[in-house]
Each structure stands twice: as structure tokens, then as C-alpha cells.
Amino acid sequence: MNPRFRLWLVCAGGTGLAALLVAACLDLPRFGGDRHPYGDRAVHASLARHSANTIASVNFDQRAFDTLGEMAILFAAVLGCVVLLRQARDERRARPEPAEVAAPVRRYALLVLPVALLTGLYVIAHGQLSPGGGFQGGVVAATSLHLLYLGADYRALERVRPLGIYEVGDALSASAYLVTGLAAVLAGTAFLANTLLPYGTFNSLSSGGTVPLLNAAIGMEVACAVVVLLARFLDQAVEIEEESGR
């Protein structure tokens with residue numbers, strides 16, 4: 001394939017894509033309107049299944065299969081980083097030395113750490129009720145642990161961050177999402193259909209059927225994945241030395 005043919009191919013594909021985007025934009029609802037066919041259906045389905053947070057209902061009920069794809073992308077990205085950043089043959093691990101931390105940084109980091117961790121867990125637990133959910137809460141919970149790195153030292157972070165446990169947790173949480181979907185198939189409905197559990201009382205923690213379960217699985221997967229991802233990059237910056245020196 002010569003460069004001229006590739007250029008024509010790109011132009012043809014770009015023209016087709018632009019035409020589709022223009023056609024879609026021309027068919028959008030009127031700007032500023034308060035009603036939308038998809039939005040109305042999403043809200044109706046969310047309320048019918050006792051999920052107070054419509055976004056969570058879309059993510060973990062109405063389009064739960066799309067969320068499975070997003071989770072798979074994160075899982076594959078972390079797996080790729082683990083493979084690429086693994087210790088090479090010409091590298092060795094050096095024990096990280098404790099660094100001096102300014103008193104205000106230490107004080108506020110250690111003060112904010114439990115608050116941030118509880119906030120992340122709260123956002124995950126209340127994902128079907130209020131803004132937020134497993135993705136947002138998982139990131140907050142995972143990054144909160146690293147305040148220990150800022151407020152103390154790297155060795156203190158290592159003591160609360162056994163990577164083997166988090167790697168297993170990442171795999172188990174991804175499997176839990178799949179198992180929940182397969183359980184619906186075994187029950188005679190569609191994959192990831194919200195039909196396994198009673199919908200519960202509206203606006204309570206037990207409401208929404210399988211939405212809280214899938215939300216919790218995503219929260220655990222994201223938290224574990226972010227911890228493992230940051231650990232690999234921190235290992236490169238803090239621990240890895242080449243045999244010839246730093």
C-alpha cells in the first residue's frame with residue numbers, strides 16, 4: 001500500500017465519519033429542551049427498579065454490559081503496566097531510605113488519610129443513591145492510601161499495601177462482575193439483567209437489585225487496580241537501581 005492510497009483511504013473514512021456525525025447532530029433534540037426520549041426512559045427504568053441515582057442505574061443495570069467493557073479496559077491497562085514495568089535482569093531492588101517530611105505535610109496527610117478512605121468507601125456504598133459510585137469511590141479509596149507515602153515514608157506505605165493481596169482482589173472483583181452476569185443467565189434471563197434480587201425499598205442501601213453488587217465489584221476492582229498501577233510506577237521511581245548505579 002503506497003502513501004497516496006493510504007491518504008485517500010484516510011480521507012474517505014474521515015469524510016464518512018464526518019457525514020455521520022453531522023447527521024447525528026442534526027437529529028439531536030432542541031438545545032435547552034427539558035425532555036429527551038432516552039433520558040425519560042432511563043429515569044423511568046431507574047425509578048421502576050428502585051435506583052435513586054439514574055446514572056448508576058444506567059451504568060450497572062440498563063447498560064451494564066458497557067461497564068463490563070470499561071472494566072476490562074482498566075484491567076488490561078494495569079496488566080500491561082505490570083508486564084512492562086516488571087523488574088529487569090540488570091536491575092536490583094534497593095531498600096528505600098526514609099525521607100525527611102515537613103511537619104505540616106506529615107500532620108495534614110495523616111489527618112486526611114482516614115477521612116479520604118472513609119469518603120471513598122462511602123461513595124462506593126451509596127453509589128445507587130447519590131452522585132458517585134464504584135469508579136469514583138475506588139479512585140478516592142486507592143489514592144487515600146498513598147497519603148501515607150507523603151506523610152510518612154515509602155516503607156510505611158508498603159506495610160499497608162501488600163501487592164499480592166491487591167492483585168488477587170483485582171482479579172476477584174472482575175470475576176464477581178462476570179459471575180453476577182452469568183447468574184442472571186442461569187436464572188433464565190439475559191446476561192447482567194437486573195432480575196436476581198428484589199429491588200428493595202427505594203432510596204435505601206439495599207435498593208436497586210443487583211446494582212449495589214455490580215457497583216461494589218467495580219469499586220473494588222478500580223481501587224485494587226489503581227493501587228497496583230501506582231505501586232509499579234513508584235517502584236520504578238523509588239526502588240529500582242541498575243547494577244551500574246542509580
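Here the side chains of Val112 and Leu147 are in contact, with some heavy-atom distance below 4.5 Å. In this structure, the side chains of Asn203 and Leu129 come closer than 4.5 Å at one or more pairs of heavy atoms. You'll find the side chain of Tyr38 reaches within 4.5 Å of the side chain of Val58, heavy atoms only. With a 4.5 Å cut-off on side-chain heavy atoms, Phe135 and Ile218 count as touching. Using a 4.5 Å heavy-atom threshold, the side chains of Leu74 and Glu221 count as touching. Between Leu213 and Leu197, some side-chain heavy-atom pair lies under the 4.5 Å cut-off. Between Ser173 and Tyr177 there is no side-chain heavy-atom pair separated by less than 4.5 Å. Between Arg161 and Leu145 the shortest side-chain heavy-atom distance does not fall below 4.5 Å.
Taking each heavy atom of Asn194 and Gly209 in turn, the nearest pair found is OD1-CA, 3.5 Å. Heavy-atom minimum distance, Ala217 versus Ala176: CB-CB, 4.4 Å. Contact between Ala156 and Ala152 at its shortest, heavy atoms only, is CB-CB, 3.9 Å. The minimum heavy-atom distance between Ala223 and Ala142, with the atom names listed, is O-CB, 3.4 Å.
Ile165 and Tyr154 are assigned to two separate hydrophobic clusters, defined by single-linkage of ILVMFWY side chains at heavy-atom distances under 4.5 Å. Under the 4.5 Å side-chain contact rule for hydrophobic residues, Leu68 and Val211 share a cluster. The cluster map of Ile, Leu, Val, Met, Phe, Trp and Tyr, joined by side-chain heavy atoms under 4.5 Å apart, puts Tyr122 and Leu111 in different clusters. Follow the hydrophobic side-chain contacts under 4.5 Å out from Val222 and you reach Val227 in the same cluster. Linking ILVMFWY side-chain heavy atoms closer than 4.5 Å, directly or via other members, places Leu214 and Leu196 in two distinct hydrophobic clusters.
A 6.0 Å sphere centred on CZ of Phe191 holds more than 12 heavy atoms belonging to other residues, nucleotides or ligands. For Tyr199, the OH atom counts as densely surrounded, since its 6.0 Å shell holds more than 12 non-hydrogen atoms of other residues, nucleotides or ligands. Environment of CZ in Phe202: crowded, with over 12 heavy atoms of neighbouring residues, nucleotides or ligands closer than 6.0 Å.
Distance CD/Gln62 to CZ/Arg49: 6.5 Å, rounded to 0.5 Å.
A donor and an acceptor atom, one from each side chain of Thr195 and Thr189, are located under 3.5 Å apart.
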